[in-house]
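Below: one structure, written as structure tokens.
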There are 2 protein chains.
Amino acid sequence: MNALLRDANPPLTRSVEDYLKVIYHLSNQGGFAATSDIAAMLEVAPPSVSGMVKRLSETGLIEHVPYRGVQLTAQGRRAALKMIRRHRILELYLTQHLGYDWGGVHAEAEQLEHAVSDELVERMASTLGHPLYDPHGDPIPTAAGEIEEAELVPLADAAVGLKLELRQVGTQDSARLHYLAEQGLTPGVLLTVSERQPFNGPTTIALVPSGDRRVVGRELAQLLWCREVPVDGYGAAAR
Amino acid sequence: MNALLRDANPPLTRSVEDYLKVIYHLSNQGGFAATSDIAAMLEVAPPSVSGMVKRLSETGLIEHVPYRGVQLTAQGRRAALKMIRRHRILELYLTQHLGYDWGGVHAEAEQLEHAVSDELVERMASTLGHPLYDPHGDPIPTAAGEIEEAELVPLADAAVGLKLELRQVGTQDSARLHYLAEQGLTPGVLLTVSERQPFNGPTTIALVPSGDRRVVGRELAQLLWCREVPVDGYGAAAR
DNA sequence: TAATATGATTAGGCTATACTAATCAGATTA
DNA sequence: TAATCTGATTAGTATAGCCTAATCATATTA
Ligand SMILES: [Mn+2]
Ligand SMILES: [Mn+2]
Ligand SMILES: [Mn+2]
Ligand SMILES: [Mn+2]
């Protein structure tokens, strides 16, 4: 068929949707997403990425600087955030209404995100009461494409003595998620940093208010993104 | 890659799943599904069907008699019934739990059926209480691949005077479905056939127990599949 | 039986997406 | 600066699906 007659705005394919999502995650801090990182995250060979990058930049979804990497255009970012909204609403719906646990829900959402209609996503969102966070604590973009940018610190880097709220868990690995849930380490819990061993050693924390202690190795402590909470004390209520 | 090393049982693609479903529907009464009928139902050109038929019969999912048509093998039938189960459970879940109406639900299920996992389907089924029929009255195959074969007659062919239960509505067209719902003609309603005009004229029915009358044109009357119900009367309770 | 109409198939192309092998560019190190 | 390493890109190939145009087989009709 004549290229001039082809649909100017064809719907995005499954593959394209997944590429945009990983490019969003890899270039989130303002940098470039590298070909090899995209390839690793999608479990695809680097030349496949080079090929897709060419098509996506021709379509105007990304900007490509050869040998440096890619960034999303405004249009690409909108499309990526739409997919992330879908994914996170699906994850929450599946856990809240269909008995999924937070370790198993990611894989299912990864497929469904490409098949649900806008209508279905919005029906789920309203059934859920227009939630702000998914089961892993990640913020859900609005339908208009806005997303909360929280300033969080990994538990691994938090100073001893601080009081923290665990906000996001930065993995989708189900073994790690199951272990963390067993330990009571889910978004929303409060804790204080008791001590940290040197040479990349574990961090010991005390859960609030139970006071139960947990020793968290560095690998996991880097996945636990926390927000600093003002310590209770005389006059704290006045703030 | 070497053909001998390729995965012997790759997962079915979306397209293949849809082909198997329509072949099931077209060859249900034991006959052959014709290329052109498959093409029409999938909105695809006949040569595309010839191509797919070749691959499906090489894979052992269908049997092809050139210039006659195709039939499902046992393996193909299993796969088709699995998709039909998914489709119908999805339709029912969407109507019961997410506020869809029976006219809009088909299109959504048509996409989702390819993306849901077995686990999700079974979770939905158990949330629904392992239902036997979808919103249109169509029987839901069991997970083991059994399906109820009811002996139904279209309202258009039912003799005047009979008492009937409307069991299935044989269309997915949303305008027709919305109209039928307005008229109170949904699966489960009881009615008696009051009269029928000659020369393919409309059928007049009386709803039971309200007695409300409806005049149903032949096109719609052919879509309303009914089961004969013994008429109430002296001694009827004894049977 | 011969001509025709209908429907199915084959021939030949196109796009999206992946792959491997070969080459190239930029950064690092001797 | 020159050699080397790393990662990115190009070249060439494959498969699943789809398309149109041309051809072929079967059933119907004259
Ligand atoms: Mn995905
Ligand atoms: Mn998540
Ligand atoms: Mn489908
Ligand atoms: Mn249905």
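In what follows, every chain begins at residue 1, and chains take the letters A, B, ... in the order their sequences are listed.
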Worksheet item: Could you go step by step and tell me if B/L185 and B/L220 meet the side chain to side chain contact (heavy atoms under 4.5 Å, CB included) rule?
Response: CA-CA 11 Å; B/L185 296 173; B/L220 291 185; over 6 Å; no
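A straight line from CE of A/M52 to C1' of C/dT15 spans 12 Å, rounded to a whole angstrom. Regarding B/L56, its CG atom lies at a distance of 11 Å from the P atom of D/dA16, rounded to whole Å. A/H114 places its NE2 atom 14 Å from the C1' atom of C/dT17, with the value rounded to the nearest Å. Between the CG atom of A/L26 and the P atom of D/dA8 there is a distance of 12 Å, given to the nearest Å. Taking atom CD on A/E58 and atom P on C/dT17, their separation rounds to 13 Å, with Å as the unit. B/D18 places its CG atom 15 Å from the C1' atom of D/dA16, with the value rounded to the nearest Å. A straight line from NZ of B/K54 to P of D/dG17 spans 14 Å, rounded to a whole angstrom. Atoms CG (B/L12) and C1' (D/dG17) sit 15 Å apart, rounded to a whole Å.
For A/R196 against A/V160, the heavy-atom pair with the smallest separation is N-CG2, 3.8 Å.
Under the 4.0 Å criterion applied to side-chain N and carboxylate O atoms, B/E63 and B/R68 are not assigned as salt-bridge partners.
For C/dA16, the OP1/OP2 oxygens have no side-chain nitrogen or oxygen of A/S15 closer than 4.0 Å. Side-chain N/O atoms of A/Y67 include none lying less than 4.0 angstrom from OP1 or OP2 on C/dT23. A sub-4.0 Å separation between OP1 or OP2 of D/dT9 and a side-chain N or O of A/H64 is present. OP1 and OP2 of D/dA16 both lie 4.0 Å or more from every side-chain N or O belonging to B/R55.
In B/E151, the CD atom is not crowded: 12 or fewer heavy atoms of neighbouring residues, nucleotides or ligands sit closer than 6.0 Å.
B/H106 and B/H87 have tilted rings, their planes meeting at an angle from 30° to 60° on a 0 to 90° scale.
When side chains are defined from C-beta on, B/E91 counts as touching B/Q172, because their heavy atoms get closer than 4.5 Å.
Only one option out of A/V169, A/L94, A/D134 pairs with A/W102 in a side-chain contact (heavy atoms from CB on, under 4.5 Å); it is A/V169.
Comparing A/V16 and B/G51 by the nucleotide of DNA chain C that holds the closest heavy atom to each, the one mapping nearer the 5' end is B/G51.
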Below 3.5 Å between N/O atoms, which protein atoms pair up with nucleotides 4-6 of chain D? Just atom names and distances, please.
none

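Cation-pi contact between A/R167 and A/Y133: present, with separation from the ring centre below 6.0 Å and deviation from the ring axis of at most 45°.
Only A/A34, A/T35, A/S36, A/P46, A/P47, A/S50, listed by number, bring a heavy atom of residues 34-50 of chain A to less than 4.0 angstrom from any atom of DNA chain D.
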Please report, to 0.1 Å, the donor-acceptor pairs under 3.5 Å made by any side chain of residues 13-27 of chain A, with sequence neighbours excluded.
from	atom 1	to	atom 2	distance (Å)
A/T13	OG1	A/V16	N	3.2
A/E17	OE1	A/H114	ND1	2.7
A/D18	OD1	A/H114	NE2	3.1
A/D18	OD2	A/H114	NE2	3.4
A/K21	NZ	A/E110	OE1	3.2
A/K21	NZ	A/E110	OE2	3.0
A/K21	NZ	A/E113	OE1	2.8
A/K21	NZ	A/E113	OE2	2.8
A/S27	OG	A/I23	O	2.7

